[in-house]
Amino acid sequence: MGELNIRKRLQEIEALKRSITSGKEPAGEPESLGCPLSEGISVIIPVHRGEEYIERLIASLEAQTLDREQFETIIIFNGEYAATEEIFNSLEKGKQYKVLYTEQGVSRARNAGISNASYSNIAFLDSDDTISAGYLQNSLDECEPFTILLNRLYDVKGQKPDGGANHINRELAKQETYPESYYSVVKNLSLNGGKVLPTHLLKKTAFDEALNNGEDVLLYMQLISEHKPIVKVNPNEAIYYRHMVDNSLSRTKSNYEFSITDRIAVLARLQDILKVEDDEEVRTLIIDRMRAQAGFMNRYLKEHMEDYALVAGEVAHYTDEYFPYARMNEDLAKRLYISYCFPPYSDTSGIVMAKRIVAAAEPCDVIHNNMYDVRNMDLTLERLAEPFIASRREINTTSSFAGSKYISLFVERAMEKLDIYKYREIYSRALWPASHVLAYEIFRKSRNIRWIAEFSDPLYRDIKNNIRQATFYTKKDIKEMKKHTASNYQKYLDDNLFNMAEVIPFLFAAELVFTNELQLESMIDRFDDDFKEMVRRKSVIERHPTPAPEYYSYQKNYVALDRDKINIGYFGNFYETRNAEEIMNIAGLIKAESFDVKIHVFTNSTRQVKSQIFSNGLNGIVDVNPYLRYFEFLSASKEFDYLMLSDARTDEYKRRNPYLPSKFSDYIGSGTKIWVQYEPGSTLAGICSEEHGNIICNALNDLDAIRENLKKITQKEENPV
């Protein structure tokens, strides 16, 4: 809390003491302290199945040195208590105690005790624990109106106290009377035992009765967030003995409800506090306690990985500002994803990799490069795969598609950071060749590891079928590779980065992933039949994953549409083989035949498209907007009557069109109808030949088919061409 803040708060407390003594409302405190309370301590003890401990508990209370007029003991029987009550009533001294009854629930019982407390301070005591004889006396001497008093805590196993040799007490041993921050006593601020608190604070901030566990953590975070109390370590000897018994409520054995369901409930409420808390120290404290709750989940999952998919399903779609996924997944990852470009950098290949992680629904680690110099950042993208990521490592090197120096540096630094032997499997995805380069280096060092290699696009040949060339591998590297390569395949090894970014995965990966059949066949065209068959045998075709419905509502969109028109959305950038020509053709037909249709284009090429619109006199028909962030795009995609998708034009350069636009998978998940402009013979053309009620199609620049589709769209008929 800082020395100056502590001094200021102590001055405020002294003023409060004077105000309370004089019976006046304290200045600067907008809320009343409530009904007058006697100076002393109310000891609140919920009792449920306490028959084994009740006599020991009462003996501990009877041994207190504090004058009887200065404390009261409130016993709250709840749940199963008949046997305990019978023993309690047999004790002659039991008549001196205040006894209450509630329905089962420790929070409900404690709240009843708080409501009936008559003294200015409250100490909580579990029915299976005890306190030292001077506990109440030595606590009352140090109590202050707005102060949480921390006492020593000893763990008792059998009959032997540990003398404070536990992590709770050791934390206190390091502190001055007034700790410098809440965080320095964070472990103590996570449990009820060993504390004395001002009653007036607890009457304003009660336990959450809906929680089965973790209610103490939530209470203290609420107290600190709402009241910013001072924290004080008792300089006097006041010891809380925590008896380590098997059936204690506070020491429940791990099960799904205790470790998962109850922790998620606590995390949800801590998130609610975090949303409105702007004090950085308090935010740090809350986040730390959230991580501690996720630690329960992590420990459970380490023993019950068969439940991982169930747990991930419960927490995967939290959209609040913080959820401790990394702590939940800590040390669970057996697969490493290698994606040179990865969220939060806005890149299609990286987004697809994140969707692959979501589709796999398994804990993983990720390594990627810092792409700040070549890609925009979209921090919301981290939500996509974050629920499944245990560790994310970002390598700070200059981004490069072909630069030997920078790719080598990326690999070198990545290998320094990774413990490669902890993984059973690696999964690399390349548009950027460095992903496969690093994957091979890991495989080379640990040949028992299983390698899955995915190709975003062909690497050896570019969009115009030109061979890409960049010297990378040395003669020494190639010689080493040949030792592990069949003699009839060695002819394909050379120093060209782009050749090897295909050939090396073909040779050494256990599984090869392509987004469409034409991509596979296009990439292996250049090899002999034996090599082709080797590649085909370990290849799988997996289209880009479609996001779950929840992802389409992660983020609001502010797209303005004219609901009196048919609204068509086009999301994408333009380049030589996928330009705005088809947009202009469709817009020209809309203008010429007065179709009641408006096209909304979202692109990074706004200046270029606006220029084309203006020069073609298509103002008012095509609305041009900046490109949306990914989750905004998903949300907006649900708003349109149709979403337009265009193939890349490759017929001038390639025998096959190897590209399948990843946008198609996102469009499918929106539920909106899709208008496809396909290149004959492409994968999109094949999709159009299938039965799809939500898809209409025509070939690129087929004006007659486009006109017919526009007629059907505007007539709202069910079966356009």
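Worth saying up front: this structure is predicted, and the values here are computed from it rather than measured. Along the sequence shown, residues carry numbers from 1.
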Chemist: Can E425 and K334 be counted as an ion pair, charged N to O under 4.0 angstrom?
Modeler: no
Chemist: Who are the side-chain hydrogen bond (donor to acceptor under 3.5 Å, both in side chains) partners of S635, not counting sequence neighbours?
Modeler: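 S635 satisfies side-chain hydrogen bond (donor to acceptor under 3.5 Å, both in side chains) with N557 once adjacent residues are dropped.
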Chemist: Just jot down the side-chain hydrogen bond (donor to acceptor under 3.5 Å, both in side chains) partners of D262, sequence neighbours excluded, or say none.
Modeler: N212, N213
Chemist: If we ignore hydrogens and angles and just use 3.5 Å, is the side chain of S181 paired with the main-chain N or O of S184 as donor and acceptor?
Modeler: yes
Chemist: Is it the case that over 12 heavy atoms from other parts of the model lie below 6.0 angstrom from the CG atom of N376?
Modeler: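 Check fails, neighbour count at 12 or below.
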Chemist: So does E416 pair up with R413, basic N to acidic O under 4.0 Å?
Modeler: no
Chemist: When you measure from the centre of the six-membered ring of F258, is the NZ or CZ of R263 closer than 6.0 Å and no more than 45° off the axis?
Modeler: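 Because its charged atom sits under 6.0 Å from the ring centre and within 45° of the axis, R263 does stack over F258.
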Chemist: Does K195 use its side chain to pair, donor to acceptor, with the backbone of A123 at less than 3.5 Å?
Modeler: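 Answer holds: no.
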Chemist: Quick one: list whatever passes side-chain hydrogen bond (donor to acceptor under 3.5 Å, both in side chains) with T102, sequence neighbours left out.
Modeler: none
Chemist: So, are E330 and R327 salt-bridged, with charged N and O less than 4.0 Å apart?
Modeler: yes
Chemist: Cationic tip of K663 within the cone over F633's six-membered ring, i.e. under 6.0 Å and within 45° of the normal?
Modeler: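 Yes, a cation-pi geometry holds between K663 and F633.
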Chemist: So that I can tick it off, tell me whether R291 and D288 are bridged by a salt bridge, with the cut-off set at under 4.0 angstrom between side-chain N and carboxylate O.
Modeler: no
Chemist: Do K417 and D365 sit within salt-bridge range, that is, some charged N less than 4.0 Å from a carboxylate O?
Modeler: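 Judged by the 4.0 Å cut-off on N to carboxylate O distance, K417 and D365 do not form a salt bridge.
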Chemist: Tell me, which pairs form a salt bridge (Lys or Arg N to Asp or Glu O under 4.0 Å) where one or both residues lie in residues 342-362, sequence neighbours left out?
Modeler: D347-R375, K355-D666, R356-E454, R356-E542
Chemist: Scan the side chains in residues 217-226 for donor-acceptor partners under 3.5 Å anywhere in the protein, sequence neighbours excluded, and list what turns up.
Modeler:
unit_1, atom_1, unit_2, atom_2, d
Y220, OH, N192, OD1, 3.3
S225, OG, E277, OE1, 2.6
E226, OE1, T205, OG1, 2.6

Chemist: Suppose the criterion is ring pair (Phe, Tyr, Trp, His ring centres under 6.0 Å): which pairs have a residue in residues 348-370, not counting sequence neighbours?
Modeler: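 Every pair satisfying ring pair (Phe, Tyr, Trp, His ring centres under 6.0 Å) with a residue in residues 348-370: F342-H368.
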Chemist: Any donor and acceptor pair, going by atom type alone, linking the side chain of D307 with main-chain N or O of L310 inside 3.5 Å?
Modeler: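 Not confirmed, D307 side chain does not pair with L310 backbone.
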Chemist: Is the backbone of E550 close enough, under 3.5 Å, to the side chain of S553 for a donor and an acceptor to pair up by distance?
Modeler: yes
Chemist: So that I can tick it off, tell me whether D155 and R242 are bridged by a salt bridge, with the cut-off set at under 4.0 angstrom between side-chain N and carboxylate O.
Modeler: yes
